[in-house]
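Comments concern the structure below.
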Amino acid sequence: MKNLTLRHLRATQEIARHGTIVRAANALGLTPSAVTIQLKQIEEDAGIILFDRTNDGIRPTAAGLAFIDAAQMIEERLRQLDDEVDAIKGVRTGTLALGVVSTAKYFAPNMMATFRKSHPGIAVSLAIGNRAEIITKLKNHDVDIALMGRPPKDMPLHSVGFGDHPLVMVAPPDHPLAGKRDITKEEIAKEHFLVREPGSGTRISLEIFLGEIPGRLDDLGTEMSSNETIKQAVMAGLGIAFISAHTIAMELEFGKLVTLDVIGMPIRRQWFSVTRTDRTVSPAMSAFQVFLRERGAQCLPFFDKLYPMLQQSD
């Protein structure tokens with residue numbers, strides 16, 4: 001591999017990303033023949049095929065995926081080197097790629113703004129996605145730090161909690177169970193649920209909560225793709241939802257939704273800062289981790305009354 005260059009590695013990345021030599025060449029600002037030559041050089045030097053040529057385009061082989069992963073890691077390390085050199089020179093700058101699950105988008109902007117006040121030289125980019133999408137970004141080194149409620153267990157990760165994450169059952173104010181105390185698990189299990197996609201953090205927690213009810217998980221409820229859609233559907237009377245309290249602060253304040261007094265709820269989880277253990281921590285990452293440890297919890301929506309309607313009726 002002595003003849004391998006950064007140019008070669010970037011070519012493999014673009015070929016995999018675009019699926020054709022022509023589109024990869026356009027992205028690189030090269031001719032298709034130049035990219036073809038680069039790919040041929042890599043494959044001859046490595047003694048193995050990196051891409052399968054098919055009628056639908058070209059797809060990376062197992063060896064190709066290894067090259068692409070190496071290219072991503074090297075690119076990431078070079079970016080970190082820029083940050084480290086700036087830190088050595090005393091320049092308080094850098095970049096941070098932050099990924100958050102969709103539930104965290106309700107507090108992430110405030111968290112970023114608070115962080116930027118004390119670190120104005122660090123440019124923070126934000127990627128929002130569902131749990132599976134953010135995990136994929138971690139795997140692909142597309143984000144430096146991910147904020148989520150339940151870290152995956154099939155990756156080499158370092159996870160640190162930075163604040164409470166209460167999960168509650170919500171309904172429209174005119175729901176028959178609104179205002180009822182000590183609702184049992186069996187009672188709430190009879191309701192129609194509006195739920196996120198399989199694999200989401202809140203859905204996993206709901207499945208654990210209802211797992212003792214025979215057959216209840218066979219038809220959990222109506223799937224919806226976002227918390228916003230679920231909230232609107234609950235307000236329209238289409239069902240109830242088990243949702244992060246951090247997503248409903250405004251709806252509770254204006255009386256659009258109420259929390260139900262279910263025995264065993266709210267379920268208190270934790271918000272975690274998640275990083276890969278197989279990568280170097282840049283100064284920007286370190287600064288954000290210190291910020292989360294010292295001030296992260298202060299950036300979360302505060303709930304002194306998770307059941308305001310019930311407490312007002314006392």
Side-chain angles (χ1 to χ4, degrees), residues 13 17 68-69 71-80 83 94-116 118-119 122-167 196-205 225-228 243-247 267-301:
Q13 285 180 290
R17 182 175 293 118
I68 293 163
D69 187 56
Q72 291 172 331
M73 294 180 67
I74 291 171
E75 195 172 75
E76 176 185 289
R77 187 64 187 93
L78 289 174
R79 182 171 62 81
Q80 293 171 16
D83 291 345
T95 60
L96 177 70
L98 185 64
V100 304
V101 294
S102 54
T103 302
K105 71 181 181 182
Y106 295 90
F107 62 78
N110 177 53
M111 182 172 284
M112 289 171 61
T114 305
F115 175 71
R116 286 293 304 277
S118 55
H119 299 82
I122 296 178
V124 184
S125 63
L126 179 64
I128 300 171
N130 61 33
R131 173 182 163 82
E133 291 168 340
I134 295 303
I135 290 174
T136 297
K137 289 184 180 297
L138 269 176
K139 287 182 177 179
N140 294 338
H141 300 272
D142 292 332
V143 297
D144 300 318
I145 297 177
L147 305 184
M148 60 178 58
R150 189 183 293 270
K153 298 180 179 180
D154 59 347
M155 293 173 58
L157 299 175
H158 178 62
S159 305
V160 179
F162 64 88
D164 282 343
H165 182 196
L167 303 174
R196 290 291 301 274
E197 71 283 352
S200 76
T202 50
R203 178 159 176 165
I204 290 172
S205 294
S225 60
S226 71
N227 290 317
E228 285 301 317
I243 198 168
S244 166
H246 289 150
T247 70
I267 294 177
R268 292 193 177 276
R269 302 299 187 193
Q270 281 276 303
W271 282 112
F272 290 93
S273 164
V274 182
T275 56
R276 293 185 60 129
T277 58
D278 58 351
R279 60 156 297 166
T280 303
V281 178
S282 70
M285 290 173 62
S286 180
F288 192 75
Q289 289 169 333
V290 170
F291 165 78
L292 284 179
R293 185 169 63 248
E294 296 178 352
R295 303 182 62 187
Q298 301 171 21
C299 296
L300 299 174

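Note that the numbering runs from 1 along the sequence shown for the chain.
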Ignoring hydrogens, what is the shortest heavy-atom contact between [X] and [Y]? Give both atom names and the distance.
X    : Y    : answer
I122 : A287 : CD1-CB, 4.2 Å
S244 : H165 : OG-NE2, 2.9 Å
R116 : V124 : CD-CG2, 4.2 Å

Using distance only, find each side-chain donor-acceptor pair of residues 96-106 under 3.5 Å and give its atom names and separation, not counting sequence neighbours.
| unit_1 | atom_1 | unit_2 | atom_2 | d |
| --- | --- | --- | --- | --- |
| S102 | OG | R196 | NH1 | 3.2 |
| S102 | OG | R196 | NH2 | 3.2 |
| T103 | OG1 | N227 | ND2 | 3.2 |
| Y106 | OH | E228 | OE2 | 2.5 |

Stepwise side chain to side chain contact (heavy atoms under 4.5 Å, CB included) check, T275 with V281: CA-CA 9 Å; T275 56; V281 178; 5.7 Å; no

To the nearest 0.5 Å, what is the distance between [atom1] ([X]) and [atom2] ([Y])?
X    : Y    : atom1 : atom2 : value
R276 : D144 : CZ    : CG    : 11.5 Å
M73  : I68  : CE    : CD1   : 14.0 Å
D142 : S125 : CG    : OG    : 10.0 Å
L300 : H246 : CG    : NE2   : 5.0 Å

Using the test side chain to side chain contact (heavy atoms under 4.5 Å, CB included), find all partners of P198 that sit at least two apart in sequence or belong to another chain. R203, E223

Only counting residues at least two apart or in another chain, list the ones meeting side chain to side chain contact (heavy atoms under 4.5 Å, CB included) with R295. T114, F291, Q298

F272: which residues meet the ring-ring contact (aromatic ring centres under 6.0 Å, His included) condition with it, sequence neighbours left out? none

Sorted by first residue and then second, give each side chain to side chain donor-acceptor pair (under 3.5 Å) pair with at least one member in residues 126-136; sequence neighbours left out. none

H141 vs D69, side chain to side chain contact (heavy atoms under 4.5 Å, CB included): CA-CA, chis, key distance, verdict: CA-CA 9 Å; H141 300 272; D69 187 56; 4.0 Å; yes

Name each donor-acceptor pair under 3.5 Å that joins a side chain in residues 145-163 to protein atoms two or more places apart or in another chain, with its distance.
| unit_1 | atom_1 | unit_2 | atom_2 | d |
| --- | --- | --- | --- | --- |
| R150 | NH2 | S205 | OG | 3.2 |

Which class fits the ring pair F115 and F288: parallel under 30°, tilted 30 to 60°, perpendicular over 60°? perpendicular

